[in-house]
Amino acid sequence: MSKPDVTPPSHFIRQIIRKDLDAGKNSGRVATRFPPEPNGYLHVGHAKSICLNFTLAQEFGGTCNLRFDDTNPEKESQEYIDAIQRDVKWLGFDWNGAVRYASDYFDALYNYAVDLIKQDKAYVDELTADQIREYRGTLKEPGKDSPFRCRSVEENLARFEDMRSGKLEEGKAVLRVKIDMASPNINMRDPVIYRIKKAHHHQTGDKWCIYPMYDYTHCISDALEEITHSICTLEFEDHRPLYDWVLDQLDVPCHPQQIEFARLNLNYTVTSKRKLKLLVDEKYVTGWDDPRMPTIAGMRRRGFTPESIRTFCEMIGVTKSDGVVDVGMLEFALRDDLDKRAPRAMCVLNPLKVTITNWEAGKQQMLTIPSHPKDESLGVREIPFTRELYIDQTDFMENPPKDFKRLVPGEEVRLRGAYVIRCDEVIKDANGNVIELKCSHDENTLGKNPEGRKVKGVIHWVPAQESVPVQVRLYDRLFNNESPDSGDKNFLDFINPNALVVVDNARAEPSLAKATSTIAFQFEREGYFVKDDADSTGGKLVFNRTITLRDTWGKG
RNA sequence: UGGGCCGUCGCCAAGCGGUAAGGCAGCAGGUUUUGAUCCUGCCAUACCUAGGUUCGAAUCCUAGCGGCCCAGCCA
């Protein structure tokens, strides 16, 4: 059995934690959190963060919270909250205690804001959004103070109350923290920490019409949950001084350490919630769980196993250098896992009728075939061998290329798990299309090789009558460009029109009629497939191709 | 001289002053009733560049070069 040789990864975050533990920080406690905003479904990129946070906690005997960063009710919904929890669980992780919400802390956050105002470290600004932007300055020029910056504590308290009570309209005022309008770090130029949004919140209802901003909310939420290591992606590096500043002004239980790592970039893939949402909203795909989507839900429906995703996350490592991982690595982890666990079965995608002329009509021989070539614990399945069979059209050629190892006129081929047959006659229709093959079998080749000759190929087959009709959906990469998302390209231009090819007339071996979506099968010589529960209705059987088998034919 | 971060094989990534791990991909063989799996071998005199320190540098210093991120009342 193969096992991708994942050297015990000793990435920099692990090292930081180990060092902290050795130094006796946080009294030996390790607490992380995964903090998604419920404004979309989780994707592979999130998987990296989930695996990181949860395994770190596991490894050091700590805890990992699941916290919804729900400070922008206009973009969030319960649907996303439910989907995210489902996906985290499916990946195999259990969060510490109850699900948390930043909105659980809205009261505390509000009181801390009042505290900042009282310390004269926050003020209500009534500049317009445009003015605030102008006053902020540019990357190279310092900003300038708002005329509202020097209001008295009393006036600020009163105006903040006006914001809170709904007296002020949206956009009329914001609460800003008083730091330094000339800071070279734009995030420190008096960032806004509260804005007015007269929106219904999925958790707090209509209790609030002011909502705290990320920078202000996140650090305090972390502190209230007594997180020790607050792991986030690189783009928040510039925000760390603000994270620290806020906590330094307030009387909070602790001061977590923010650590940034490079988010996952995958070639041939788009990992941006905004763009994935667009694919869903504009119906380029059937939904967030479309098997072409790089969402956890899509991958699950496609047939990925949680283990393969976790292994992949281990393989790619954790660093601060922001590179692009080859999607081939994900595919490797997938195949490697599926090869070990997938029961084998046969399914003919493009049926071509074969009649075994020296097999008695009506005679059935039940063949017992192992479900896995190396793992007996997966058991066996039975397939009747009959006079009429189907093989795949691509496994027969009249004028084959040099290295063709399948069936050709006058030659032999092994039917997997059954007999060696010889093609004696090719039947064609009026247009010259091959519609049937008359073959003869060698009865001395069941479970043993013929004497005195080598049979070069093995092909798969199903009995004509006893096989079950199935629809098979052949999935491929959603984008046909390595970086659909880079530069000024429009990722929609690179949607692969062949990312889904539906095969309606496939025939599967009888045992597949009892398949469930919880286990993926290997359709021998074709790839890994999983039953699509959502669309297998009313007796119709639908299988999704998770991934093809590695195919090196013609490469060497 | 706006700030922050990053630069080790085609890709990911160890390395933390003692003389370049590993994985993916690729190549060459072997086994095989899946052109799969599995097994074997090959694959960076070289660590962005140039100087310097040192007996010794991918690791330390200096100066360059290249890439990514930041001007939401998004997260």
Side-chain angles (χ1 to χ4, degrees), chain A residues 1-2 4-7 9-11 15 35-37 39 69 71-72 74-75 125 127-129 132-134 136-143 170-176 183-189 191-197 211 213-215 217-218 232-241 260 262 267 273-274 314-333 335-336 339-340 344 346 369 373-374 403-406 414-418 420 445 447-449 455-460 522-527 548-556:
Chain A
M1 289 295 100
S2 77
D5 228 347
V6 184
T7 6
S10 75
H11 59 72
Q15 292 181 15
E37 185 191 9
N39 65 346
D69 223 331
T71 56
N72 191 354
E74 288 163 340
K75 294 186 174 171
D125 197 345
L127 251 25
T128 66
I132 286 181
R133 193 183 326 113
E134 283 165 32
R136 191 155 28 228
T138 69
L139 292 176
K140 295 189 178 181
E141 297 153 17
E170 280 189 27
K172 291 299 180 199
V174 292
L175 184 68
R176 291 229 253 173
S183 171
N185 180 346
I186 292 200
N187 296 301
M188 298 298 268
R189 320 241 259 231
V192 171
I193 63 167
Y194 264 97
R195 75 289 212 189
I196 300 168
K197 270 186 195 293
Y211 291 95
M213 300 279 289
Y214 166 84
D215 285 308
T217 307
H218 203 84
C232 63
T233 44
L234 252 28
E235 66 270 28
F236 293 103
E237 218 151 13
D238 290 343
H239 296 239
R240 192 171 63 228
E260 310 84 14
N267 61 14
K273 267 198 246 175
R274 208 205 98 233
E314 287 281 286
M315 283 171 74
I316 58 177
V318 179
T319 68
K320 298 192 66 155
S321 72
D322 134 71
V324 180
V325 173
D326 191 331
V327 71
M329 274 209 231
L330 213 209
E331 296 174 343
F332 170 84
R335 288 192 180 104
D336 191 63
D339 175 58
K340 280 177 282 191
R344 313 284 118 129
M346 291 193 285
I369 304 177
K374 295 180 179 175
D403 298 321
F404 196 70
K405 302 203 314 190
R406 310 172 190 182
R414 155 80 62 186
L415 291 182
R416 171 112 249 232
V420 168
T445 56
K448 58 186 175 196
N449 284 320
V455 175
K456 58 187 172 187
V458 180
I459 63 174
H460 55 103
Q522 184 195 99
F523 288 178
E524 289 195 86
R525 304 207 312 128
E526 293 287 358
T548 61
L549 252 27
R550 197 164 84 100
D551 183 7
T552 52
W553 186 30
K555 280 190 184 174

Counting only side-chain nitrogens and oxygens, does [X] get under 4.0 Å of the OP1 or OP2 atom of [N]?
| X | N | answer |
| --- | --- | --- |
| A:R195 | B:rA75 | yes |
| A:R406 | B:rG35 | no |
| A:S10 | B:rG15 | yes |
| A:Q15 | B:rA14 | no |
| A:R344 | B:rA36 | no |
| A:R136 | B:rC73 | yes |
| A:K197 | B:rC74 | yes |
| A:T138 | B:rG2 | no |

Between [M] and [N], how far apart are the [atom1] atoms? Round to whole Å, please.
| N | M | atom1 | value |
| --- | --- | --- | --- |
| B:rG2 | B:rA44 | C1' | 38 Å |
| B:rG30 | B:rU49 | P | 40 Å |
| B:rA25 | B:rC9 | C1' | 11 Å |
| B:rU45 | B:rC38 | C1' | 34 Å |
| B:rC42 | B:rC47 | P | 23 Å |

Report which part of the nucleic acid [X] touches: base, sugar-phosphate, or nothing (heavy-atom distance under 4.0 Å, all strands).
| X | value |
| --- | --- |
| A:F404 | base |
| A:P36 | nothing |
| A:T71 | sugar-phosphate |
| A:G457 | nothing |
| A:N39 | nothing |
| A:E170 | nothing |
| A:I132 | base |
| A:M213 | sugar-phosphate |
| A:V192 | sugar-phosphate |
| A:L127 | base |
| A:R133 | sugar-phosphate |

Answer yes or no: is there a donor N or O on one side and an acceptor on the other, between the side chain of [X] and the main chain of [Y], under 3.5 Å?
| X | Y | result |
| --- | --- | --- |
| A:Q15 | A:S10 | yes |
| A:N39 | A:K75 | no |
| A:S183 | A:N185 | yes |
| A:R344 | A:I369 | no |

Paired with [N]: which nucleotide, if any, by Watson-Crick or G-U wobble criteria at under 3.5 Å for both distances?
| N | answer |
| --- | --- |
| B:rC60 | B:rG52 |
| B:rU40 | B:rA28 |
| B:rC16 | none |
| B:rC47 | none |
| B:rC65 | B:rG7 |

Take atom [atom1] of [X] and atom [atom2] of [N], then tell me their distance rounded to the nearest Å.
| X | N | atom1 | atom2 | value |
| --- | --- | --- | --- | --- |
| A:D336 | B:rC38 | CG | C1' | 11 Å |
| A:E237 | B:rG4 | CD | P | 11 Å |
| A:K140 | B:rG4 | NZ | P | 15 Å |
| A:Y214 | B:rC70 | OH | C1' | 14 Å |
| A:F236 | B:rC70 | CZ | P | 10 Å |
| A:H239 | B:rG72 | NE2 | C1' | 10 Å |
| A:N187 | B:rG2 | CG | C1' | 13 Å |
| A:Y211 | B:rA75 | OH | P | 12 Å |

Considering residues, nucleotides and ligands other than A:K172, do more than 12 of their heavy atoms fall under 6.0 Å from its NZ? no
Which label fits B:rG72, syn or anti, where anti is any glycosidic angle not within 90° of 0? syn
Select from A:H218 and A:E524 the residue whose nearest nucleotide in RNA chain B is closer to the 5' end of that strand.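 Mapping each residue to its closest nucleotide by heavy atoms, the 5'-most match is A:E524.
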Residue mapping more 5' on RNA chain B - nearest nucleotide basis, A:G328 or A:R240: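 Comparing both residues, the 5'-ward one is A:R240.
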Regarding [N], can its base be found pairing with the side chain of [X] as donor and acceptor, where the two atoms are less than 3.5 Å apart?
| X | N | value |
| --- | --- | --- |
| A:E526 | B:rU34 | no |
| A:N185 | B:rG4 | no |
| A:R550 | B:rG35 | no |
| A:R414 | B:rU33 | yes |

Taking only Lys NZ, Arg NE, NH1 and NH2, and the carboxylate oxygens of Asp or Glu, determine whether A:R195 and A:D125 approach each other closer than 4.0 Å. no
salt_bridge(A:E37, A:K273) N-O dist < 4.0 Å: no
Consider side chain to side chain contact (heavy atoms under 4.5 Å, CB included). Of A:I196, A:L127, A:I132, which one does A:V174 pass it with?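 In the set A:I196, A:L127, A:I132, the residue that makes a side chain to side chain contact (heavy atoms under 4.5 Å, CB included) with A:V174 is A:I132.
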Using the ring of each side chain (for Trp, its six-membered ring), is A:W553 parallel, tilted or perpendicular to A:F404, with breaks at 30° and 60°?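 Judged by the thresholds at 30° and 60°, the geometry between A:W553 and A:F404 is tilted.
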Heavy-atom protein contacts under 4.0 Å, nucleotides 8-13 of chain B, coded B base, S sugar-phosphate only, - none: ---BSS
